[in-house]
Amino acid sequence: MLAFVLMADDQRPLQQDIDPQPVVLPTSDGTVTGVQPVIVDLFWSTPASAVSQGGSGVVTSVDVTTGGVLRNGDQIATVSGRPIFVLVAPEPMYRPLALGDEGPDVAALAGVLTDLGYLEPAAQRREQVDRELSDAIAAFNESAGKKQFRYNSRGRIVGPEFDYRLLAWLGPVEMVVGAIAIEPGRPWPAAGETFLSSEPRLVSAAVAVSREDGSFVSVDETYILEIEGVQLPLTYQGQVGDLSLDQLVGVLPRRGSEESIQGTIRLASPGQALKIAPSAIVSDGSILCVFVPQGDDRFEPIAVAILDSSFGVTLIAPDPRIDAVVVNPQDVFDRASCNS
C-alpha cells in the first residue's frame, strides 16, 4: 500500500514579515468651537452691617425689607414710636451735638439732615454746628417727637441737641439688606449690636487658570462662558464683565455661598479647521507635523498646529498643502521625525 505525502513548496511569508504600507486618508473640513470644561472662581464682598448706637425702648415698626437698598437718611424702624434713620458715613456718631460743637461727626450730621430735607445743601463741608444747623436739629427733633436741649453751666439753654442714638451707622457705603434681626415688640438692640446685614455682593468672577486635573486653561475675550444656559462674555483676562455679574448671580443657588462653580467656555466665533485622525500626528520635540503624499511614493512632513482634539478626531489649522495625510506614520517610517 502506497502512502502519499503532499509537501507545499510555495509557502507564504508570515503576516508580520510584510512591510507595513502607508495608509493615506483625505482630510475633511471641521469647525473649532473650543468647548472646554472650566472652573470659575467667585469673589464676594464682605457683608456690611447696621450697628445700633444704643438707646432703649421697644421696636414698634420695622421699615425695611430684604433686598431693599438703604441710603443715608432712610428710615429703618421706630422705637417706642420714634424713628431710627440710616447714617452712611466713614465714622459713626458717638456723642450728642448742639450749637458750637466741632468735629468730623458734625459733617456726618449735616449730611444726614440734608438728605432728610431739614438742611439746604452746603457749598462746603461743615465741621461746626452753626445757627443754621442748630435750627435743622430743632426741626428734626420736633418731627421725631424728641424735645432735647443742651444747657450751660448756669442752667441756660444753649440750643436744641441732636441725639445720635436716633441714627444707625452703616459704614461709608449704601447696602442691600440681606438679613433683619429686629422685630416689632422686641427691645431695641444695645449699643454696638448688629441688627441688619447686607447680602454679599459678587465683586468679580474669573475662569481659573488651572483645572482640577492640574492642566492649564488659556482663555481671553475670544471666548464665551456658559453656566446653567446663561452665556457671559469674558475679558482678555478671562474675567466675567462687570455688566454680566448680576446675570451670573441669578443662576447661582445661593448668593455668597460658593467660592467656585463649574462652567464651560467656547469660542465666540468658531474657526475653520481640518479634521484628521489623531494617529497622523508626529511629535518631534516642540514640533508637531503630519506626512503628506507628494506622488511617486514620496511623503513630506509639514508642521501643524493642533486646535482641538476630542472624540477620536484631531482638528488642525487649515493649510492648503494638506488635503490628505498618512494616518500610520509610526508604523511606516522608521523613527518618524518632522525633520526627515
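Model, not experiment: these values are computed from the prediction.
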Seminar exercise, completed: Residues D74 and V69: closest non-hydrogen pair is OD2-O, 3.6 Å
Problem set entry | S80 (side chain) donor-acceptor with V58 (main chain) under 3.5 angstrom | yes
Exercise. Looking only at heavy atoms, which two atoms of P160 and A98 are closest? And how far apart?
Worked result: O-CB, 3.6 Å
Problem set entry | Ionic contact status for D105 with R95, cut-off 4.0 Å | yes
Exercise. Between Q262 and I227, which heavy-atom pair has the shortest distance, and what is it?
Worked result: O-CG1, 4.0 Å
For this session: Flag yes if V112 and L99 sit in one hydrophobic cluster, no otherwise; membership is Ile, Leu, Val, Met, Phe, Trp, Tyr, and two members link when side-chain heavy atoms are under 4.5 Å apart.
Result: no
Exercise. How far apart are the closest heavy atoms of P189 and S52, and which atoms are they?
Worked result: O-OG, 2.9 Å
For this session: Side-chain contact test, heavy atoms from C-beta onward, threshold under 4.5 Å: evaluate it for T314 versus V304 and give yes or no.
Result: no
Exercise. What do you reckon, is CD of Q231 surrounded by more than 12 foreign heavy atoms closer than 6.0 Å?
Worked result: yes
Exercise. Which heavy-atom pair separates I224 from L234 by the least distance, and what is that distance?
Worked result: C-CD1, 4.4 Å
Exercise. Is the CD atom of Q294 crowded by more than 12 outside heavy atoms at less than 6.0 Å?
Worked result: yes
For this session: Mark yes or no for whether S45, through its side chain, and V203, through its backbone, hold a donor-acceptor pair below 3.5 Å.
Result: no
Exercise. Taking atom CD of Q330 as the centre, does the number of heavy atoms from other residues, nucleotides or ligands within less than 6.0 Å exceed 12?
Worked result: yes
Problem set entry | Shortest non-hydrogen separation from V290 to A280 and the atoms involved | CG1-O, 3.6 Å
For this session: Quick one: sort the F162 and F140 rings into parallel, tilted or perpendicular, breaks at 30° and 60°.
Result: tilted
Exercise. Does NZ in K275 sit with more than 12 non-hydrogen atoms of other residues, nucleotides or ligands closer than 6.0 Å?
Worked result: no
